[in-house]
Amino acid sequence: MTVTFNANNHTYQNTVTKEYYISVTTFLSKYKKPFDKDKWSKVTAQRNGVTQEFVLNTWADITSTSLTKGTNYHLVMENFVKDKIKPFEYSTLIDSFTEKMKLILDDKSTVESEKLLFDHDARLAGTADLIINNKKSFYVVDFKTNKNFNFTNKYNEFLLSPVDYLPQCEFSTYGLQLSMYAYMTETLYNKPCAGLKIFYLNKKDDIETWTEINIPYMRSTIIDLIKDRKQQLQKNNNN
């Protein structure tokens with residue numbers, strides 16, 4: 001029994017039961033306080049002396065550009081990992097990746113790109129950018145290209161229970177994402193996780209490289225979240 005991913009509508013489905021699984025990113029977003037777009041667009045418009053509509057349109061353009069950029073860089077790295085395709089304009093970026101990988105790989109390593117992972121009991125699924133399967137352990141690696149990467153929340157805001165001790169920021173949310181992938185991979189490979197790494201796009205003087213950010217494996221936190229997910233499923237089944 002396995003799970004397939006439909007790229008057209010971004011859904012995960014059990015091949016036997018035909019049940020749809022919730023994606024890891026969608027599931028984890030439930031623990032983030034929702035962004036009040038109407039409130040903050042009005043505040044931004046008033047501060048900058050523009051209309052709210054202008055602010056909303058600008059935000060939409062930024063989001064669209066960011067998604068396109070992220071998809072493009074992920075495709076470049078996926079093509080290199082799978083087929084060693086190295087476009088000249090991305091040579092510096094790929095060289096940066098290759099050097100970092102030398103410190104992770106061993107003589108038995110296999111590198112799996114766009115690895116589909118799942119937890120049947122929790123009805124969860126996701127796709128990891130890279131799983132480095134070494135002789136005795138594995139690494140989870142993720143590429144991030146967004147403009148900001150915050151390690152804290154300047155407004156002192158936190159995620160929702162049961163992870164309300166974590167600040168609402170990229171370091172926390174990406175940490176939970178990679179930790180969830182690690183927990184799923186542990187079950188798949190029956191090996192311990194050696195580390196979680198984010199390769200964050202860094203551009204300086206028109207030279208692009210990957211900055212490596214090590215992420216703590218929050219295994220006990222993931223167990224709590226999966227427990228919370230199963231309780232939600234049970235509650236839904238009883239209603």
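- In Asn214, the CG atom is crowded: over 12 heavy atoms of neighbouring residues, nucleotides or ligands sit closer than 6.0 Å.
- Remark: Cys169 SG to Asn148 CG distance equals 11.5 Å, nearest 0.5 Å.
- Leu160 and Phe171 are not part of a single hydrophobic cluster, where members link through side-chain heavy atoms under 4.5 Å apart.
- Within 6.0 Å of CD on Glu19 lie more than 12 heavy atoms contributed by other residues, nucleotides or ligands.
- In terms of modelled atom types and a separation under 3.5 Å, the side chain of Ser179 and the main chain of Leu176 share no donor-acceptor contact.
- Contacts of Lys108 classified as salt bridge (charged side-chain N to carboxylate O under 4.0 Å, His left out), with partners at least two apart in sequence or in another chain: none.
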message: Please evaluate residues Thr221 and Asp224 with respect to the criterion side-chain hydrogen bond (donor to acceptor under 3.5 Å, both in side chains), reporting the C-alpha separation (whole Å), side-chain torsions for both, the decisive distance (0.1 Å), and the verdict.
response: CA-CA 5 Å; Thr221 301; Asp224 288 341; 5.5 Å; no
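- Lys33 and Glu157 are not joined by a salt bridge, as no carboxylate oxygen comes within less than 4.0 angstrom of a charged side-chain nitrogen.
- Counting heavy atoms from C-beta on, the side chains of Leu159 and Ser172 come closer than 4.5 Å.
- One hydrophobic cluster holds both Tyr217 and Tyr165 under the rule that ILVMFWY side chains link at heavy-atom gaps under 4.5 Å.
- Under the 4.5 Å side-chain contact rule for hydrophobic residues, Ile223 and Phe27 share a cluster.
- Of the residues Thr145, Ile94, Ile198, the one that meets the side-chain contact (heavy atoms from CB on, under 4.5 Å) test with Trp210 is Thr145.
- Within 6.0 Å of CD on Glu53 lie no more than 12 heavy atoms contributed by other residues, nucleotides or ligands.
- Ring geometry for Tyr73 against Tyr90 counts as perpendicular: the plane angle is over 60°, on a 0 to 90° scale with 30° as the lower cut.
- Side-chain contact between Met101 and Ile132 is present, with at least one heavy-atom pair separated by less than 4.5 Å.
- Around NZ of Lys30, the count of heavy atoms belonging to other residues, nucleotides or ligands within 6.0 Å does not exceed 12.
- One N or O on the side chain of His74 and one on the backbone of Phe143 form a donor-acceptor pair closer than 3.5 Å.
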- prompt: Could you go step by step and tell me if Leu124 and Ile22 meet the side chain to side chain contact (heavy atoms under 4.5 Å, CB included) rule?
  reply: CA-CA 5 Å; Leu124 287 171; Ile22 187 173; 3.1 Å; yes
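- A pairwise comparison of heavy atoms in Asp164 and Ser161 identifies CB-N, 3.8 Å as the closest pair.
- Here the shortest heavy-atom pairing between Glu186 and Lys191 reads CG-O, 3.5 Å.
- A salt bridge is absent between Glu170 and Lys144; no separation between the charged side-chain nitrogens and carboxylate oxygens falls under 4.0 Å.
- Between His120 and Phe118, the ring planes lie tilted relative to each other; the angle falls in the 30° to 60° range.
- A salt bridge links Lys86 to Asp95: at least one charged side-chain nitrogen sits closer than 4.0 Å to a carboxylate oxygen.
- Judged by a 6.0 Å distance limit and a 45° cone about the ring axis, Lys84 is positioned over the six-membered ring of Phe80.
- Side chains of Val111 and Leu105 form a contact here, defined as non-hydrogen atoms less than 4.5 Å apart.
- Scanning all heavy atoms of the two residues, the minimum distance from Ala182 to Cys193 falls at CB-SG, 4.0 Å.
- Side-chain contact annotation: Asp228 with Tyr31, donor-acceptor N/O pair under 3.5 Å present.
- The backbone N or O of Ser41 sits nowhere less than 3.5 Å from a side-chain atom of Thr44 that would complete a donor-acceptor pair.
- What you find for Ala122 and Arg229 is that their closest heavy atoms are O-NE, 2.7 Å.
- Two residues are said to be in side-chain contact when any heavy atoms from C-beta on lie closer than 4.5 Å; Gln13 and Tyr20 meet this criterion.
- Residues Phe151 and Phe149 bring their aromatic ring centres within 6.0 Å.
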query: Going through the checks in order, is the side chain to side chain contact (heavy atoms under 4.5 Å, CB included) test met by Met184 and Asp119?
result: CA-CA 6 Å; Met184 292 174 172; Asp119 184 309; 4.1 Å; yes
field: Stepwise side chain to side chain contact (heavy atoms under 4.5 Å, CB included) check, Ile215 with Lys197
entry: CA-CA 6 Å; Ile215 301 292; Lys197 296 177 180 292; over 6 Å; no
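- The side-chain heavy atoms of Tyr21 and Asn14, taken from C-beta on, include a pair separated by under 4.5 Å.
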message: If you apply the rule side chain to side chain contact (heavy atoms under 4.5 Å, CB included), what do you find for Met218 with Val163, and how did you get there?
response: CA-CA 11 Å; Met218 296 181 280; Val163 288; over 6 Å; no
- request: Would you check, one step at a time, whether the test side-chain hydrogen bond (donor to acceptor under 3.5 Å, both in side chains) holds for Asn134 with Tyr139?
  value: CA-CA 8 Å; Asn134 288 345; Tyr139 288 87; 5.4 Å; no
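- Here Thr211 contributes atom OG1 and Asn202 contributes atom CG; the two are 4.0 Å apart, rounded to the nearest 0.5 Å.
- Between Phe5 and Tyr12, the two ring planes are tilted [angle within 30° to 60°].
- To the nearest 0.5 angstrom, Leu28 atom CG is 6.5 Å from Ile222 atom CD1.
- With contacts defined as side-chain heavy-atom distances shorter than 4.5 Å, the pair Lys115/Leu188 qualifies.
- Separation of atoms CG (Asn150) and CD (Gln168) is listed at 11.0 Å; rounding is to 0.5 Å.
- Between Tyr181 and Thr127 the shortest heavy-atom distance is OH-O, 3.4 Å.
- Looking only at side-chain heavy atoms (C-beta outward), Thr2 and Leu116 stay at 4.5 Å or farther from each other.
- If you chain together hydrophobic residues whose side chains sit under 4.5 Å apart, Ile213 and Leu103 never meet in one group.
- Shortest non-hydrogen contact noted between Val81 and Leu130 is CG2-CD2, 3.9 Å.
- In this structure, the side chains of Asn153 and Phe158 stay at 4.5 Å or more apart for every pair of heavy atoms.
- Judged by distance alone, the side chain of Tyr200 and the main-chain N or O of Asn146 form a donor-acceptor pair under 3.5 Å.
- Here the CG atom belonging to Asn133 is positioned 9.0 Å from the OG1 atom belonging to Thr185, to the nearest 0.5 angstrom.
- When the shell of 6.0 Å around CG of Asp206 is examined, it contains 12 or fewer heavy atoms from other residues, nucleotides or ligands.
- Expressed to the nearest 0.5 Å, how far CD of Glu114 lies from CD of Glu78 amounts to 4.5 Å.
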